[in-house]
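Along the sequence shown, residues are numbered consecutively beginning with 1.
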Amino acid sequence: MTLRTPVRPATQARPHGHRPRRSGSRRWLPYALLLPALVAELAVHVIPMLVGIWMSVQQINQFTLRNWTRSPFVGGDNFALAANLASPAGAQLLHSFLVTLAYSVVVVAVCWLLGLAGAVALQKPFPGRGILRTLFLVPFALPVFAAVITWRFMLQRDTGLVNRVLVDGLGLFDERPFWLVGGNSFASLVVVTVWRLWPYAFLTITAGLQSIPQELYEVAEVDGAGAWQQLRRVTLPMLRPVNRVLMLVLFLWSFNEFTVPYTLFGAAAPAQADILAVHIYQSSFVTWNFGLGSAMSVLVLAFLLLVSGVYMFVSGRRNADAR
């Protein structure tokens, strides 16, 4: 009797590594899942940006606002007026730009220093470290409007908690200073912004410290390096890529800040705290010159794109030289 080897059906014989083809619906599934995010991005960012660029070359004011889609075309007149330092609009824009630049530089520097100090101090485990990390992140987690409103009440001259502590409690001033008007308004704006943003720097640097091998600190300690030398020779060089991204993000956030100064001072911000975002808001919604306000916004966008491009180019060159 002869035994026959069973033959597999032809449908079961497949070459090694063969994969069935995806159907048409499966092929378009990733794009379909990305479609809602793409539509939201177009509706929230891209379309308003394009409309703002179109408005910057139109004469849209209180006389043409009713039929703004047919407003007169003025070309680069709005840009010329904003860039003309001899005109009041140009001089005020330059002043607001310098104030915003100084404000952003101070905020970025202080936030980075506080974030680095907090992250390094909480790097090693100790009892209560988790509670401190949670408390440090509370300002960043709070709603911006509610937090700034609280600061506004605290900075009031007669009834604010700040003057109660500094004047009545510690006796540091002979009379109650104004914190929301005059020269002190810039310092108040910086303090409130730093209080809100430094937890983000702390969180980012803490995440960066987790990627540094512990063996580097052990070798440095064996070589006799103290805490300061370990910070300079190990921590800061290893955090350089994280710090580059962090400083750029903090600069863009602070330079475009609107909610904090508008909530703190209102629509009429003091000259010492005349941030660009509030200044453009006044030019657009207070004086009803939307064409000029849009031109200012486009100039700010071009400046930020230039700063980001130069920053990324210099960072890329340094990375290439380091390799």
Side-chain angles (χ1 to χ4, degrees), residues 88-89 91-115 135-202 250-289 292-293 296-297 300:
Q92 293 174 3
L93 182 63
L94 177 62
H95 169 77
S96 180
F97 171 78
L98 296 177
V99 171
T100 307
L101 186 62
Y103 159 78
S104 300
V105 171
V106 174
V107 167
V108 171
V110 177
C111 286
W112 180 80
L113 288 174
L114 292 178
L135 292 177
F136 286 170
L137 295 177
V138 167
F140 190 70
L142 288 175
V144 181
F145 185 80
V148 179
I149 282 291
T150 304
W151 272 102
R152 183 173 181 176
F153 281 113
M154 293 172 58
L155 293 172
Q156 294 295 324
R157 179 180 183 271
D158 298 324
T159 59
L161 179 62
V162 174
N163 280 339
R164 288 288 181 91
V165 174
L166 297 180
V167 179
D168 300 338
L170 302 178
L172 298 179
F173 299 96
D174 296 333
E175 57 183 10
R176 297 177 180 273
F178 290 93
W179 296 107
L180 299 178
V181 295
N184 293 328
S185 58
F186 182 82
S188 301
L189 180 60
V190 169
V191 168
V192 176
T193 307
V194 167
W195 176 84
R196 191 179 73 87
L197 287 183
W198 87 269
Y200 176 79
F202 164 75
L250 289 176
F251 180 81
L252 295 178
W253 282 0
S254 58
F255 202 90
N256 283 320
E257 185 63 67
F258 174 79
T259 306
V260 173
Y262 183 81
T263 308
L264 200 61
F265 305 114
Q272 294 81 356
D274 187 20
I275 303 299
L276 271 174
V278 180
H279 183 80
I280 294 174
Y281 172 82
Q282 292 176 347
S283 300
S284 300
F285 294 95
V286 176
T287 61
W288 296 92
N289 197 340
L292 179 60
M296 293 179 180
S297 300
V300 172

Applying salt bridge (Lys or Arg N to Asp or Glu O under 4.0 Å), can you list everything that pairs with D158, at least two apart in sequence or on another chain? none
Does any pair with a residue in residues 264-277 pass side chain to side chain donor-acceptor pair (under 3.5 Å), and if so which ones, sequence neighbours excluded? D274-H279
Test log, rule side-chain contact (heavy atoms from CB on, under 4.5 Å), inputs L250 and V107: CA-CA 8 Å; L250 289 176; V107 167; over 6 Å; no
Smallest heavy-atom separation, E257 atom then P261 atom, equals CG-CD, 3.7 Å
On a heavy-atom basis, the closest approach of R152 and Q156 is O-NE2, 3.1 Å
With ring-ring contact (aromatic ring centres under 6.0 Å, His included) as the rule and sequence neighbours excluded, what pairs involving residues 140-188 come up? F140-Y200, W151-W195
Let me confirm one number: the CG-OG distance from L292 to S284, rounded to the nearest 0.5 Å. 7.5 Å
Could you walk me through whether L264 and L180 pass side-chain contact (heavy atoms from CB on, under 4.5 Å), step by step? CA-CA 8 Å; L264 200 61; L180 299 178; 3.9 Å; yes
Could you walk me through whether L93 and L276 pass the side-chain contact (heavy atoms from CB on, under 4.5 Å) test, one step at a time? CA-CA 8 Å; L93 182 63; L276 271 174; 3.6 Å; yes
Would you please classify the geometry between the F258 ring and the Y281 ring as parallel, tilted or perpendicular, with 30° and 60° separating the classes? tilted
Using side-chain contact (heavy atoms from CB on, under 4.5 Å), reason through Y103 and V108 one step at a time and then give a plain yes or no. CA-CA 9 Å; Y103 159 78; V108 171; over 6 Å; no
Closest non-hydrogen atoms of G293 and S283, given as atom of the first, atom of the second and distance, are CA-CB, 4.5 Å
So does R157 pair up with E175, basic N to acidic O under 4.0 Å? no
Find out whether R164 and R176 are in side-chain contact, i.e. whether some heavy atom of one side chain is under 4.5 Å from a heavy atom of the other. yes
Would the number of heavy atoms belonging to other residues, nucleotides or ligands and lying under 6.0 Å from CG of D168 be above 12? yes
